[in-house]
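The model shown is predicted, which means the values in this text are computed figures rather than measured ones. Just so it is clear: chains get the letters A, B, ... in the order the sequence lines come, proteins before strands, and each one is counted from 1.
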There are 2 protein chains.
Amino acid sequence: MGLVQIAEEFAQQVDAASSPDELAALLDAAARAMDFRFFALTHHVDLPRAPQPAVRLHNYPLGWVDYFDEHRLGPCDPVHRASHLTSVGFRWTRLAAMLDLTTRDRDILHGARRAGIGDGFTVPAHVPGESAGSCSFATADGRPVREEWLPLAQLVGAIAFEGARRLWGLRELGPDQRPKLTDRQRDCLYWAARGKSDWEIARILGISHDTVIQHLKQARERYGVGKRTQLLVHALFDGTLTFVDVLRR
Amino acid sequence: MGLVQIAEEFAQQVDAASSPDELAALLDAAARAMDFRFFALTHHVDLPRAPQPAVRLHNYPLGWVDYFDEHRLGPCDPVHRASHLTSVGFRWTRLAAMLDLTTRDRDILHGARRAGIGDGFTVPAHVPGESAGSCSFATADGRPVREEWLPLAQLVGAIAFEGARRLWGLRELGPDQRPKLTDRQRDCLYWAARGKSDWEIARILGISHDTVIQHLKQARERYGVGKRTQLLVHALFDGTLTFVDVLRR
DNA sequence: GGGCCAGTCCCCAGAAATGGGGATTTCAGC
DNA sequence: GCTGAAATCCCCATTTCTGGGGACTGGCCC
């Protein structure tokens with residue numbers, strides 16, 4: 001069976017999974033099939049204090065997990081930090097080239113090795129507005145990473161992360177929970193998000209100041225919020241606006 | 001040659017490419033190899049310090065590009081909006097399920113069809129705090145998307161995006177140029193994002209109204225923006241805040 | 001025709017945010 | 001012991017937003 005067929009089958013199984021445990025089992029099997037020993041799919045947060053729900057699935061040795069949590073490595077683990085710098089998977093051997101490794105980083109990598117974790121490959125996964133995350137695969141210490149599996153690992157990691165997003169309900173909005181804005185309301189909100197005042201928006205759209213106020217007023221009503229900031233967050237969350245829209249020059 | 005071999009070869013070629021034109025040629029060839037006709041790699045950037053040209057590589061028909069620009073569709077293209085809601089590639093047929101399509105959205109999709117663009121597949125890509133974008137592949141109108149190529153399209157899209165980041169020099173800017181907020185600034189922003197007024201935040205945090213104003217003032221300065229809305233967008237984009245934080249009840 | 005909705009415009013009063021000045025304390029790092 | 005950053009507090013004036021009232025047009029659907 002070709003690698004891509006494996007990826008497709010994996011995707012179907014992930015789609016069918018209905019619990020984090022099932023997803024973990026699928027990842028465990030996939031990791032082993034690719035000659036890895038460990039997997040770790042996680043949001044990069046300080047888990048002990050993070051607001052739920054943050055994603056974390058793995059089959060790392062317990063000793064390592066305890067160490068990790070005790071030292072609050074979520075946000076500072078070098079593998080996680082490196083995964084914030086790229087959009088495709090990378091081998092851990094490239095870490096030193098991607099980051100300036102500090103003494104502490106080296107300690108962390110050493111600690112992992114002592115816990116039995118060998119070489120690895122990490123697939124970053126980011127969705128704007130959500131915690132940064134990644135899906136890593138690692139060999140048992142002493143065993144090499146098999147290059148020929150890495151493209152598949154990239155696919156499997158991405159698919160698994162998206163599956164986790166679904167299972168954790170990170171973007172669930174009830175059937176008709178999504179308020180709809182009119183085109184004009186969205187126009188106004190778009191410029192408001194870019195930091196324009198109502199008066200400036202009026203000039204940009206060629207309508208009166210009062211009309212802009214009116215559109216934004218109604219947009220707030222539709223989302224049931226009273227503040228421009230909340231309106232913006234909701235619109236970004238449900239895809240009415242995107243970061244690209246708002247941040248682009 | 002297996003699909004994964006194609007991906008590996010593509011990755012090597014992208015690594016070797018030394019100009020956007022070369023990358024475009026590689027993408028054109030890859031798209032055709034996957035039975036697509038068009039590709040479009042758009043890469044929108046937000047780097048307050050170093051103004052970067054936005055990346056746009058594509059082989060769309062000129063008529064469509066003109067239409068797109070004339071009507072200033074950039075900010076509202078539904079494909080771009082959807083690409084911010086997921087971490088894996090999606091077929092355009094799923095757009096309606098991912099977003100509420102407005103009349104204008106349907107017009108855009110119609111316009112694309114009239115310009116000869118058929119069905120497509122879009123791979124989102126995001127690096128927190130730095131850039132977001134996507135790589136799309138589309139068939140000529142009337143031709144179906146070949147499902148069996150989509151896993152490869154996912155790989156090719158991701159590799160191409162990362163190649164564009166390299167070619168546009170985005171990776172050399174150093175990781176930690178982006179603004180960091182102090183704990184207190186983040187506390188204030190967190191509550192501001194949830195719609196609290198400065199006065200309410202002061203009561204919640206047990207500090208004076210003026211101090212809250214001060215923290216938010218300095219937070220705006222760090223991001224180089226003048227409005228609360230912009231501050232919020234930047235913080236969400238680079239992961240300082242997440243939707244989970246802000247929308248959780 | 002009547003109802004509904006999007007879009008446009010107008011008014012007002014009060015609350016909130018922004019941009020400018022200041023200031024002190026505490027604590028970590030050199 | 002000095003420096004710098006963070007956190008705290010205070011004042012001012014101005015702009016901007018929010019919530020409350022209205023009104024008129026042009027489509028669309030039944």
Mind checking what makes side-chain contact (heavy atoms from CB on, under 4.5 Å) contact with [X], not counting sequence neighbours?
| X | value |
| --- | --- |
| A193(A) | L232(A), L241(A), V246(A) |
| V127(A) | E130(A), R165(A), R171(A), S87(B) |
| R220(B) | L216(B), K217(B), V225(B), L231(B) |

For [X], salt bridge (charged side-chain N to carboxylate O under 4.0 Å, His left out) partners two or more places apart:
| X | answer |
| --- | --- |
| R203(A) | none |
| D141(B) | R113(B) |
| D198(B) | R228(B) |

Distance-only, no hydrogens or angles: does the R222(A) side chain make a donor-acceptor pair with backbone N or O of K180(A) under 3.5 Å?
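At least one qualifying donor-acceptor pair exists.
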Positional range of nucleotides in DNA chain D within the contact set of chain B, heavy-atom, under 4.0 Å
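So the outermost contacting nucleotides come out as dA6(D) to dC11(D).
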Hey, can you pull the residues of residues 207-222 of chain A with a non-hydrogen atom under 4.0 angstrom from DNA chain D?
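Heavy-atom cutoff 4.0 Å gives I213(A), K217(A), R220(A).
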Hey, could you give me the [atom1]/[atom2] distance between [X] and [Y], rounded to the nearest 0.5 Å?
| X | Y | atom1 | atom2 | answer |
| --- | --- | --- | --- | --- |
| I204(A) | K196(A) | CD1 | NZ | 5.0 Å |
| E221(A) | Y223(A) | CD | OH | 14.0 Å |
| E200(B) | H209(B) | CD | NE2 | 10.0 Å |

What residues in residues 198-206 of chain A put a non-hydrogen atom under 4.0 Å from any atom of DNA chain C?
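Contacting residues: none.
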Pair S136(B)-T122(B), side-chain donor/acceptor within less than 3.5 Å:
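T122(B) and S136(B) do have a side-chain donor-acceptor pair below 3.5 Å.
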Are Y190(A) and T240(A) close enough that a side-chain donor and a side-chain acceptor fall under 3.5 Å?
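Judged by distance alone, the side chains do not pair up.
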Aromatic ring proximity H126(B)/H84(B), centre distance under 6.0 Å:
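When the ring centroids of H126(B) and H84(B) are compared, they turn out to be at least 6.0 Å apart.
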So that I know where these two stand, are F243(A) and F237(B) an aromatic pair - ring centroids less than 6.0 Å apart?
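Between F237(B) and F243(A), which both carry aromatic rings, the centre distance is below 6.0 Å.
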Ring pair (Phe, Tyr, Trp, His ring centres under 6.0 Å) with F161(A): which residues, sequence neighbours excluded?
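Per chain and number, F161(A) pairs via ring pair (Phe, Tyr, Trp, His ring centres under 6.0 Å) with H43(A).
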Rounding to 10°, can you tell me the angle the first-five-pair axis of the helix from dG1(C)-dC30(D) to dC30(C)-dG1(D) makes with its last-five-pair axis?
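The end axes of the helix from dG1(C)-dC30(D) to dC30(C)-dG1(D) are about 60° apart, to the nearest 10°.
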First and last nucleotide of DNA chain C touching chain A, 5' to 3', heavy-atom cut-off 4.0 Å?
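Using the under 4.0 Å cut-off, the span is dA6(C) to dC11(C).
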